[in-house]
Protein chains: 2
Amino acid sequence: MTPPKLLDENGLKEREKKILMAAIHLIREAGLENLTMDKVVAKVPFSKGTVYKHFIGKEDLLLAVSNHAIEVLSDLFYRAYEFKGCSRERMLLLNFSYLIYAILYPELFQAVICSKSQSVIGKASEQRLNEHDQLETKLLISIHGIVDAGLGDNSLTLPTNMNIQQLCFANWSMSYGAITLLSGEVESCSGRTDLIIERELLNHSNLLFDGMGWKPLSTEAKSCTKLTVALQTVFPDELALIEKKGRQLNFN
Amino acid sequence: MTPPKLLDENGLKEREKKILMAAIHLIREAGLENLTMDKVVAKVPFSKGTVYKHFIGKEDLLLAVSNHAIEVLSDLFYRAYEFKGCSRERMLLLNFSYLIYAILYPELFQAVICSKSQSVIGKASEQRLNEHDQLETKLLISIHGIVDAGLGDNSLTLPTNMNIQQLCFANWSMSYGAITLLSGEVESCSGRTDLIIERELLNHSNLLFDGMGWKPLSTEAKSCTKLTVALQTVFPDELALIEKKGRQLNFN
DNA sequence: TTTATAAAGTGACGAAACGTCACTGACGAT
DNA sequence: ATCGTCAGTGACGTTTCGTCACTTTATAAA
């Protein structure tokens with residue numbers, strides 16, 4: 001008569017992860033556009049009903065992938081944050097960690113972008129949406145920390161009419177725009193001939209930081225060579241993986 | 001034995017437009033995520049087969065909507081280009097014409113963003129893709145023209161390691177990032193509390209232009225009040241429409 | 001050990017949407 | 001009048017989604 005408690009909290013998490021990974025593999029192999037629940041179910045030792053116990057629908061699953069992606073990015077951001085260097089250098093490094101992520105995990109990057117659309121948000125579970133918000137906040141912590149450092153040592157002063165949050169967002173949206181438009185995921189962006197993403201990201205970052213008056217200004221410092229060193233120091237494995245992919249970061 | 005020529009070239013174009021408009025209405029009413037070919041067919045006095053004669057699939061139709069959207073934006077850009085004012089003012093105005101467009105035609109803005117994904121590009125017709133490229137090039141002409149003007153009167157100098165194309169792209173991707181992340185279409189972007197799109201677009205533009213050294217620098221000029229005047233001059237009808245929507249551009 | 005009970009798991013099924021294709025009918029040439 | 005061609009049609013096969021009636025499993029009570 002006593003209701004039996006059969007569910008293992010830990011096992012549940014593990015199973016959810018399994019489904020999640022299956023989905024990510026499918027996206028990597030065949031593209032987000034070819035992801036179907038039937039394929040996910042086929043790739044996993046559980047039935048459709050069980051999969052739907054974890055994810056209320058395809059969109060919910062996609063948002064879960066997106067959340068996982070943000071966690072991965074979050075780690076990269078934190079490592080950029082920890083770099084020993086001046087604040088402007090560190091922010092530049094953070095922007096490039098975003099690029100590394102977009103190159104290394106295109107399927108995750110794509111999932112995050114897609115999951116921002118109303119068609120996904122509208123069908124995801126409340127819980128997953130909350131998780132998403134929390135993760136995005138976590139993401140901002142590293143950015144915020146670097147800006148704080150800049151303000152602290154007076155290499156950066158808040159521009160008129162802007163607070164810290166706005167400054168952080170300016171950097172974020174700038175990187176987002178450049179990487180979204182130039183990373184391979186978005187095909188056919190005309191006027192994009194001869195534009196190399198790493199070079200433009202460097203340019204845009206420098207323009208923005210100079211506009212903020214973030215010292216040392218790009219006229220004073222060889223930000224390019226410094227960046228190369230910082231990247232090799234903080235993200236050696238990731239750079240190696242990128243080269244393995246036949247790609248190479250190239251500013252000149 | 002002689003093959004009869006029954007198709008009226010003009011009528012074809014007209015019919016295609018009709019289908020296109022039906023699709024746009026459906027998107028406006030029910031969102032892009034609820035657009036189906038069956039609904040389009042039902043809203044139009046032609047059969048499914050005929051609709052599929054014009055658009056080889058749902059994605060092709062979506063790209064057609066996107067192309068139409070770019071034409072609309074193209075017109076706004078050109079009007080900003082024509083404004084009598086200093087080059088920096090005009091570029092700021094152009095960025096805001098982009099915002100006006102995003103506010104006034106959210107369904108078109110959404111369609112353009114979505115149509116950039118591989119899932120759409122991959123299934124659209126070759127012809128439609130070419131058209132897309134051409135339209136995007138057309139879009140860039142106004143931007144290019146304003147930059148040229150700035151270079152011409154020495155209010156702007158090319159930053160080291162950047163050419164005109166790169167400069168144009170910097171402006172474009174900056175606006176794209178800010179508007180995409182802050183316009184209502186992308187829900188739930190955490191760290192977005194208290195961020196008002198028109199204020200941030202102004203901030204980002206000023207930071208970027210200052211970073212380029214585009215005179216007059218924002219410390220010298222009251223760009224805010226000047227922008228308000230320019231907007232009222234060039235886009236009075238659009239601003240009225242925005243107010244009709246219960247929205248109001250507000251920088252403070 | 002057996003039985004009762006509720007949670008967990010299953011996969012067949014109906015609904016919805018996509019895109020195709022065999023057919024119809026209209027029009028011009030002969 | 002007849003034939004050939006092509007635009008137009010919509011029923012149909014296919015895919016995918018998400019549900020739900022049913023089976024299995026695990027534990028507590030008898």
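Chain identifiers are assigned alphabetically (A, B, ...) following the order of the sequence lines, protein sequences preceding nucleic acid strands; residue numbering begins at 1 within each chain. Everything numeric in this text was worked out from a predicted model, so none of it was measured.
- If you measure from atom CZ of B:F55 to atom C1' of C:dC18, you get 16 Å, rounded to the nearest angstrom.
- Judged by distance alone, the side chain of B:S66 and the main-chain N or O of B:L62 form no donor-acceptor pair under 3.5 Å.
- No side-chain donor-acceptor contact under 3.5 Å links B:E33 and A:Q118.
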Produce a footprint string for nucleotides 9-19 of chain D: one letter per nucleotide, 5' end first; B if the base is under 4.0 Å from any protein heavy atom, S if only the sugar-phosphate is, - if neither.
-> BBB----SBBB

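- Taking all atoms of both residues into account, the shortest heavy-atom contact from B:V51 to B:M37 is CG1-CE, 4.1 Å.
- Rounded to a whole Å, the NE2 atom of B:H54 is 16 Å from the P atom of C:dG19.
- Contact annotation: B:R15 side-chain N/O to D:dA7 OP1/OP2 distance is not under 4.0 Å.
- No close placement of the B:F46 and B:H54 rings is indicated, their centers lying 6.0 Å or farther apart.
- With sequence neighbours left out, the side-chain contact (heavy atoms from CB on, under 4.5 Å) criterion links A:K17 to A:M21, A:H68.
- DNA chain C is contacted by no residue of residues 16-25 of chain A, taking any non-hydrogen atom closer than 4.0 Å.
- Each of B:T180, B:L104, B:I103 was checked for a side chain to side chain contact (heavy atoms under 4.5 Å, CB included) with B:F109, and the lone residue meeting it is B:T180.
- The heavy-atom pair separating A:Y101 from A:V112 by the smallest distance is OH-CG2, 3.5 Å.
- With respect to B:E16 and B:R128, a salt bridge is recorded, a charged nitrogen being found less than 4.0 Å from a carboxylate O.
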